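This report concerns only the one structure given below.
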Amino acid sequence: MLGAYGAWAAELLGDRPGELSFRAGSRQDLSLWKEEARAALLGLLHCPRAGAADVQVHGSRVHDGVQVEELSWQLPWGPRTRAFFLKPRDARGKLPGVLAFHDHGGDKHFGRRKIVRTGPADHALAIAHMEEYYGGVGWANELARRGFGVLVHDVFPFDSRRILASDLPSHVVQRLMSPPLEIRELTPDDLAAAVPAASLDVTADESSEKIAAYNAFAAQHEAVVAKSLFCAGLTWPGVMVAEDRAALDYLVSRPDVDPGRLGCGGLSGGGLRTVFLGGLDDRIRCAVCAGMMTTWRDYLLSTSYTHTWMIYVPGLPPLLDFPEILGLRAPLPSLVLATTDDPLFTFAETERASGMLTEIYRKARAEDRFRFRVHHGPHKLDLPMQAEAFDWLEKWLS
């Protein structure tokens, strides 16, 4: 990804365990390592303080045997976070709880709606997304049907948390939406003829054309978002972790959820969120990461062009490799699901990453609590993979 500079950068990264790796021979005390490495990671993430305030319930319905509650809360930044809480229709008592993380998928118009079915009003594009990646089902519904309380929330900047084009200066939006070869200094005539930024912000009708236009804008806007967050002393993963922790705090507070039996999981961007939250918060007693496991070397040399800015933490690679973030939860159980033909990763590096996690769990004397499973096919969390994930969650939480 760096052309003639790639070998130099890879040499700087090296192939030995990082300074804070538990795989280093000198490190033997698991608790001490977790304390030190988590403190270093949190220091690099610069997580802002967040709490889910003013929680409101907007309605509830039963869909296909699952109670679907619509709710929202206010964080210290941005618009209200919208969420669903799902559980079996006839559930009684305290249920094991799971944070079900939606993916990235190059689609910021949708968030929580990518993995939840609520009824006939579900958007056709959200249903198509489920068909492509999730075997045609809302996997949060399927997990709730097996006896879990499942919370699905939008994270920055998806769906209810998205950034509106109309809130940006018009010349910035115009530049982001211009073909690269046409980038130049914009004249007043250019701005007068430009498509109004407000037209990119999807209205209540949610037409496919408007959603496509917004997602095109949002894709080009990612680098601007990341640079702007850096200028505020923040990181994108830090904001993500803060919002997911606020959701976890809310899940813990629910009277119908057992705070001692909590898990999280997701595909792709949802797997990324699992890596970070699962690695940092021991309230997550069981984690399932699907379609999001590789190494910093893979990103550096081969795959960073196809990934979101939500991944990268400046200063972290010399300390911990990417899979070791999830390894910070050892000896708590973790399942990593991968596929043979995932275009987002180099499969050899996915296997190498799983080897790092195996080494961590072996050294933690918890080999039975880590599992790496490979399924055939492309980037997905299809029905057989969901079955394996749900069995893992049931094994450790039920």
Side-chain angles (χ1 to χ4, degrees), residues 16-42 96-101 143 148 241 244-245 248 252 258-267 270-296 316 319-338 349-375 381 385-398:
R16 292 173 296 180
E19 294 176 29
L20 289 178
S21 173
F22 190 56
R23 296 178 297 124
S26 60
R27 293 189 179 273
Q28 300 297 329
D29 189 316
L30 179 66
S31 297
L32 183 62
W33 167 68
K34 291 174 66 169
E35 181 180 357
E36 182 181 0
R38 280 178 169 174
L41 175 56
L42 286 169
V98 172
L99 282 178
F101 293 140
L143 181 58
F148 288 84
V241 168
D244 287 342
R245 266 188 162 171
L248 179 61
V252 167
D258 183 346
R261 295 187 293 156
L262 301 176
C264 71
L267 168 69
L272 173 68
R273 295 161 67 187
T274 298
V275 166
F276 278 100
L277 187 68
L280 285 168
D281 201 315
D282 281 346
R283 290 178 295 176
I284 299 295
R285 309 304 292 177
C286 184
V288 178
C289 169
M292 196 63 213
M293 186 50 62
T294 191
T295 63
W296 293 129
L316 181 61
L319 305 179
L320 290 173
D321 211 321
F322 179 78
E324 293 178 302
I325 304 171
L326 183 65
L328 288 168
R329 60 181 287 95
L332 295 171
S334 301
L335 169 66
V336 171
L337 297 172
E349 290 299 306
T350 295
E351 290 186 308
R352 182 167 164 262
S354 75
M356 294 179 189
L357 284 164
T358 298
E359 189 176 347
I360 289 170
Y361 273 81
R362 182 183 300 123
K363 195 169 181 179
R365 296 185 176 87
E367 292 177 80
D368 64 322
R369 298 190 173 201
F370 173 68
R371 182 179 297 171
F372 173 62
R373 294 281 292 171
V374 178
H375 291 246
L381 180 58
M385 296 173 75
Q386 289 174 37
E388 186 163 6
F390 299 165
D391 287 347
W392 184 258
L393 289 165
E394 285 183 343
K395 176 180 180 179
W396 297 106
L397 298 181
S398 294

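Everything numeric here is computed off the predicted structure, so don't read it as measured data. Below, each value reflects all heavy atoms present in this structure, side chains not excepted, and no hydrogens, waters or symmetry copies.
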| said: My understanding is that only residues two or more places apart in sequence, or in another chain, count here; which of them pass side chain to side chain contact (heavy atoms under 4.5 Å, CB included) with E359? | reply: R23
| query | Got a sec, which residues hit ring-ring contact (aromatic ring centres under 6.0 Å, His included) with F276, two or more places apart in sequence or on another chain? | reply | none
| said: Just to verify, what does R285 make a side chain to side chain donor-acceptor pair (under 3.5 Å) with, not counting sequence neighbours? | reply: none
| message | Working to the nearest 0.5 angstrom, can you tell me the gap between E349 CD and T294 OG1? | response | 5.5 Å
| Looking at residues at least two apart in the chain, or sitting in another chain, which of them share a salt bridge (Lys or Arg N to Asp or Glu O under 4.0 Å) with K34? | D282
| For A287, does its backbone N or O pair with a side-chain atom of W396 as donor and acceptor, under 3.5 Å? | no
| query | Mind checking what makes side chain to side chain contact (heavy atoms under 4.5 Å, CB included) contact with P96, not counting sequence neighbours? | reply | F148, R261, L397, S398
| field | Partners passing ring-ring contact (aromatic ring centres under 6.0 Å, His included) against F22 (at least two apart in sequence or in another chain) | value | W33
| task | State which residues pass side chain to side chain donor-acceptor pair (under 3.5 Å) with E36; sequence neighbours excluded, sorted by chain then number. | result | R27
| task | Mark yes or no for whether R38, through its side chain, and G279, through its backbone, hold a donor-acceptor pair below 3.5 Å. | result | yes
| field | Shortest non-hydrogen contact between A37 and L20, atoms and distance | value | CA-CD1, 4.1 Å
| message | Looking at every heavy atom in both I360 and G327, which two are closest together, and how far apart are they? | response | CG2-O, 3.8 Å
| task | Looking only at non-hydrogen atoms, find the nearest pair between C289 and G271 and report the distance. | result | SG-O, 3.7 Å
| said: Between I284 and L332, is there a side-chain heavy-atom distance shorter than 4.5 Å? | reply: no
| Heavy-atom side-chain proximity of L267 to M385 below 4.5 angstrom | no
| said: A side-chain contact here means heavy atoms from C-beta on lying under 4.5 Å apart; do V98 and V288 qualify? | reply: no
| field | Validation row: F101, L277 side chains within 4.5 angstrom (heavy atoms) | value | yes
| field | Partner set under salt bridge (Lys or Arg N to Asp or Glu O under 4.0 Å) for E367, not counting sequence neighbours | value | R362
| Nearest-0.5 Å distance that lies between atom CZ in R371 and atom OG1 in T358 | 12.0 Å
| request: Write down the atom of V275, the atom of M292, and the distance for their closest heavy-atom approach. | output: CG2-O, 4.2 Å
| Approximate separation, where rounding is to 0.5 Å, of L320 CG and L326 CG | 12.0 Å
| With a 4.5 Å heavy-atom cut-off, do D281 and R245 have their side chains touching? | yes
| remark: Across all chains, not counting sequence neighbours, the side chain to side chain donor-acceptor pair (under 3.5 Å) partners of D244 are H153, R273
| request: Could you tell me whether the side chains of E324 and S21 share a donor-acceptor contact shorter than 3.5 Å? | output: yes
| note | Hits for side chain to side chain donor-acceptor pair (under 3.5 Å) against S334, two or more places apart or cross-chain, chain-then-number order -> R329, Y361
| Taking K363 for the side chain and L30 for the main chain, is one N or O donor matched with an acceptor at less than 3.5 Å? | no
| remark: Sorted by chain and residue number, the side chain to side chain contact (heavy atoms under 4.5 Å, CB included) partners of P259 (sequence neighbours excluded) come out as V252
| Okay, side chain of R373, backbone of L335: is any donor-acceptor separation there less than 3.5 Å? | no
| note | Here the pair of heavy atoms bringing L357 nearest to F370 is CB-CZ, 3.6 Å
| Does the D321 side chain pair with the main chain of W296, one donor and one acceptor, at a distance under 3.5 Å? | yes
| field | Side-chain touch T295/F322, heavy atoms, less than 4.5 angstrom | value | no
| query | How would you list, by chain and number, every residue that makes a side chain to side chain contact (heavy atoms under 4.5 Å, CB included) with A338, sequence neighbours excluded? | reply | T350, F372
| Can you tell me how far the CD1 atom of I325 sits from the OG1 atom of T274, to the nearest 0.5 Å? | 12.5 Å
